[in-house]
Engineer: 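Sharing a structure below in structure tokens format, with a few things to ask.
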Amino acid sequence: MKIGFIGLGAMGRPMSKNLLKAGHEVHVYDIVPAAVEELVNAGAIAECCNKAVAAATDVVITMLPNSPHVKTAVLGENGVLAGKHEGTILLEMSSIAPLATKEIGKACEAAGVPMLEAPVSGGVGGAAEGKLSIMCGGKQELFDQLKPILSVLGTSLVLCGDLGAGNTTKLVNQHIIAVEIAAVAEAFAMGKMAGVEPEVVYNAIHNGYAGSKVLDGKLTAAMDREFKAGFRLDLHIKDMANAVETGYAVGAPMPLGSLVLDMMKYLSANGLGSEDNATLMKYYERMCNFEFHRQ
Ligand code: NAD
């Protein structure tokens with residue numbers, strides 16, 4: 001199948017490479033030429049803009065940072081809808097605000113372009129291994145039709161409801177991860193200041209009820225001083241802002257989310273926005289004037 005891939009960042013590059021490996025003809029575009037070049041070297045066909053990607057392919061995948069980027073890439077002058085043809089389908093895989101998903105979905109419907117939202121979880125590692133968890137929103141028939149493509153990218157495919165339900169599910173996921181990193185940082189800082197080294201506490205508890213992927217991934221990253229993204233703090237701030245905004249819009253209380261969002265914003269304002277979200281551990285390091293290390 002001819003697949004278009006727009007947004008060749010940390011996630012888009014390995015995802016589009018997996019589609020190439022699965023035998024698809026992949027047409028790509030990114031505003032960063034070096035990212036396009038990497039994919040062309042892997043066998044993809046470069047296009048000059050998002051409109052040209054749509055004109056050349058059947059299914060267009062977007063994997064962009066946030067709602068405004070997706071609106072530009074899909075609805076803009078040189079966007080996907082400007083290049084649509086009979087049979088064009090939009091598979092929107094970015095993590096964006098559910099309200100924006102619905103808005104883009106309406107514009108696609110008016111243009112006769114079926115759209116499925118499919119944000120993912122599993123990080124750069126999951127993208128490279130084709131083991132993402134994919135949270136979809138849209139029509140059942142379209143979900144079924146796109147399953148062969150989604151199965152190349154991920155191993156857990158769930159249709160959560162209509163358009164907007166996929167990104168709402170993704171916000172639940174992102175809220176849990178952010179609050180959990182903060183909880184791990186706070187608890188381990190308390191343990192260290194009370195005289196028990198983080199690695200000792202980790203060894204003692206990670207197989208019990210407090211064990212988690214966040215504990216394994218983010219505490220160990222902090223102990224190893226490994227903060228290269230991964231998943232940039234600034235992208236997680238975008239998700240938490242969308243989560244808190246969605247909570248306010250529907251009347252859901254978000255005291256933890258709001259607090260952790262402010263902690264993340266403080267770190268970003270202090271120059272750490274491009275680091276992995278594990279950098280949230282540094283909020284407590286700065287308050288306590290120590291660094292997490294192995295023993
Ligand atoms: P990224 O910033 O690394 O990549 C985004 C790419 O989009 C960049 O290469 C950028 O140049 C390109 N871009 C921006 N505007 C464009 C436009 N108008 N047209 C074409 N290209 C454009 O981000 P990422 O880490 O790949 O994440 C992409 C999405 O997936 C985000 O919504 C993110 O929240 C989500 N996500 C990321 C991770 C992760 O671990 N990085 C995990 C799960 C979900």
Engineer: Counting heavy atoms not belonging to Met287, are there more than 12 under 6.0 Å from its CE?
Structural biologist: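 Yes, because the 6.0 Å sphere around CE of Met287 holds more than 12 heavy atoms from other groups.
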Engineer: How about Glu77: does its CD atom have over 12 heavy atoms from other parts shown lying under 6.0 Å from it?
Structural biologist: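 No, the 6.0 Å shell around CD holds no more than 12 heavy atoms from other groups.
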Engineer: Do Asn203 and Glu199 pair up side chain to side chain, a donor and an acceptor below 3.5 Å, judged on atom types alone?
Structural biologist: no
Engineer: Just wondering, do Asn66 and Asn242 contact through their side chains at under 4.5 Å, heavy atoms?
Structural biologist: yes
Engineer: Quick one: list whatever passes salt bridge (Lys or Arg N to Asp or Glu O under 4.0 Å) with Lys170, sequence neighbours left out.
Structural biologist: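 So Lys170 forms no salt bridge (Lys or Arg N to Asp or Glu O under 4.0 Å) with any residue.
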Engineer: Is the side chain of Asn277 donor-acceptor paired with the backbone N or O of Leu233 at a distance under 3.5 Å, no angle test?
Structural biologist: no
Engineer: Is it the case that the side chain of His85 and the backbone of Ala54 share a donor-acceptor pair, with hydrogens and angles ignored and the cut-off at 3.5 Å?
Structural biologist: yes
Engineer: May I ask you to decide if Ala278's main-chain N or O and Asp276's side chain share a donor-acceptor pair within less than 3.5 Å?
Structural biologist: yes
Engineer: Quick one: does any side-chain atom of Asp30 pair with a main-chain N or O of Val32 as donor and acceptor, under 3.5 Å?
Structural biologist: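 Side chain of Asp30 to backbone of Val32, a donor-acceptor pair under 3.5 Å: yes, one is there.
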Engineer: For a 4.5 angstrom cut-off between non-hydrogen side-chain atoms, does Ile104 reach Val70?
Structural biologist: yes
Engineer: Any side-chain to backbone donor/acceptor pair from Thr57 onto Ile3? Under 3.5 Å, distance only.
Structural biologist: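 Not at all, since once roles are kept as given, no pair shorter than 3.5 Å links the two residues.
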Engineer: Parallel, tilted or perpendicular for Phe290 and Phe292, by the 30°/60° rule?
Structural biologist: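 Answer is perpendicular, since the angle exceeds 60°.
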Engineer: Is atom CG of Leu157 surrounded by more than 12 heavy atoms (other residues, nucleotides or ligands) closer than 6.0 Å?
Structural biologist: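 Yes, enclosed.
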Engineer: Taking atom CD as the centre, does Glu285 end up with more than 12 heavy-atom neighbours from other residues, nucleotides or ligands that are less than 6.0 angstrom away?
Structural biologist: yes
Engineer: Can you find a pair of side-chain heavy atoms, one from Val74 and one from Cys108, that are under 4.5 Å apart?
Structural biologist: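 Of all side-chain heavy-atom pairs linking Cys108 with Val74, at least one is under 4.5 Å.
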Engineer: Would you say the rings of Tyr266 and Tyr283 are close, in the sense that their centroids are separated by under 6.0 Å?
Structural biologist: yes
Engineer: Has His175 got a side-chain atom pairing as donor or acceptor with Val172's backbone, closer than 3.5 angstrom?
Structural biologist: no
Engineer: What do you reckon, is NZ of Lys282 surrounded by more than 12 foreign heavy atoms closer than 6.0 Å?
Structural biologist: yes
Engineer: Closer than 3.5 angstrom, by distance alone: can the side chain of Thr279 be matched with the main-chain N or O of Glu275 as a donor-acceptor pair?
Structural biologist: no
Engineer: Looking only at heavy atoms, what is the nearest atom pair of Leu39 and Ser16, with distance?
Structural biologist: CD1-OG, 3.3 Å
Engineer: Less than 4.5 Å apart, side chain to side chain, heavy atoms only: is that true for Ile134 and Cys136?
Structural biologist: yes
Engineer: Output the distance between atom CD (Glu180) and atom CG (Leu256), rounded to the nearest 0.5 Å.
Structural biologist: 12.5 Å
Engineer: To the nearest 0.5 Å, what is the distance between CG (Leu20) and CD (Glu25)?
Structural biologist: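 Going from CG on Leu20 over to CD on Glu25, the span is 10.0 Å.
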Engineer: Within this structure, what is the NZ-OG distance for the pair Lys131 and Ser156, rounded to the nearest 0.5 Å?
Structural biologist: 13.0 Å
Engineer: Begin from the C-alpha positions of Lys17 and Glu38 and carry the test salt bridge (Lys or Arg N to Asp or Glu O under 4.0 Å) through to its verdict.
Structural biologist: CA-CA 10 Å; Lys17 282 179 188 170; Glu38 183 179 327; 2.6 Å; yes
Engineer: Side chains of Leu116 and Leu90: closer than 4.5 Å at any heavy-atom pair?
Structural biologist: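 No, too far: nothing below the 4.5 Å cut-off.
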Engineer: Nearest 0.5 Å, please: how far is CE in Met223 from CE in Met281?
Structural biologist: 8.5 Å
Engineer: Under 4.0 Å between a side-chain nitrogen and a carboxylate oxygen: does that hold for Arg294 and Glu197?
Structural biologist: no
Engineer: Roughly how far, to the nearest 0.5 Å, is CE of Met93 from CG of Leu64?
Structural biologist: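 Between Leu64 CG and Met93 CE, I get 12.0 Å after rounding to 0.5 Å.
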Engineer: Taking all non-hydrogen atoms of both residues into account, name the closest pair between Ala118 and Leu91 and its distance.
Structural biologist: CB-CD1, 3.8 Å
Engineer: If you draw a 6.0 Å radius around CD in Glu291, do more than 12 non-hydrogen atoms from other residues or ligands fall strictly inside?
Structural biologist: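 Above 12, so yes.
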Engineer: Say whether, by atom type as modelled, one donor and one acceptor occur between the side chain of Lys238 and the main chain of Pro65 under 3.5 angstrom.
Structural biologist: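 Yes; at least one donor-acceptor contact below 3.5 Å.
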Engineer: Assess the side chains of Ser94 and Glu92: does a donor N or O sit below 3.5 Å from an acceptor N or O?
Structural biologist: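 Short answer, yes.
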Engineer: Could you tell me whether Asn289 atom CG has more than 12 heavy atoms of other residues or ligands within 6.0 Å of it?
Structural biologist: no
Engineer: Do Ser95 and Gln174 have side-chain atoms, one donor and one acceptor, less than 3.5 Å apart?
Structural biologist: no
Engineer: Going by heavy atoms in the side chains, are Ile89 and Val60 under 4.5 Å from each other?
Structural biologist: no
Engineer: Donor-acceptor pair, Asn50 side chain versus Tyr29 backbone, under 3.5 Å?
Structural biologist: no
Engineer: Within a strict 4.5 Å, meaning less than it, do heavy atoms of the Phe227 and Leu272 side chains meet?
Structural biologist: no
Engineer: When you check the gap from the basic side-chain N to the acidic O, do Lys71 and Glu103 get nearer than 4.0 Å?
Structural biologist: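 Here Lys71 pairs with Glu103 in a salt bridge, since their nearest N and O are under 4.0 Å apart.
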Engineer: Check whether any side-chain heavy atom of Ile61 sits under 4.5 Å from a side-chain heavy atom of Ile149, and report yes or no.
Structural biologist: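 Heavy-atom side-chain distance check passes, below 4.5 Å.
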Engineer: Report whether Leu163 and Val158 are members of the same hydrophobic cluster (ILVMFWY, side-chain heavy atoms less than 4.5 Å apart, transitive linking).
Structural biologist: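 Not linked; separate clusters.
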Engineer: Would you call the rings of Phe231 and His236 parallel, tilted or perpendicular if under 30° counts as parallel and over 60° as perpendicular?
Structural biologist: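 Rings of Phe231 and His236: tilted, 30 to 60°.
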Engineer: What's the separation between atom CG in Leu261 and atom CD1 in Ile237, rounded to the nearest 0.5 Å?
Structural biologist: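 That separation rounds to 7.0 Å.
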Engineer: Check the hydrophobic clustering (I, L, V, M, F, W, Y; side-chain heavy atoms under 4.5 Å; chains of links allowed) and say if Leu267 and Leu235 are grouped together.
Structural biologist: no
Engineer: Name all pairs fulfilling the side chain to side chain donor-acceptor pair (under 3.5 Å) condition that reach into residues 113-128, sequence neighbours left out, sorted by first residue then second.
Structural biologist: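 The answer is Glu117-Asn167, Ser121-Asn173.
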Engineer: Under 3.5 Å, side chain of Lys2 to main-chain N/O of Ala56, donor-acceptor pair present?
Structural biologist: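 No; zero donor-acceptor contacts below 3.5 Å.
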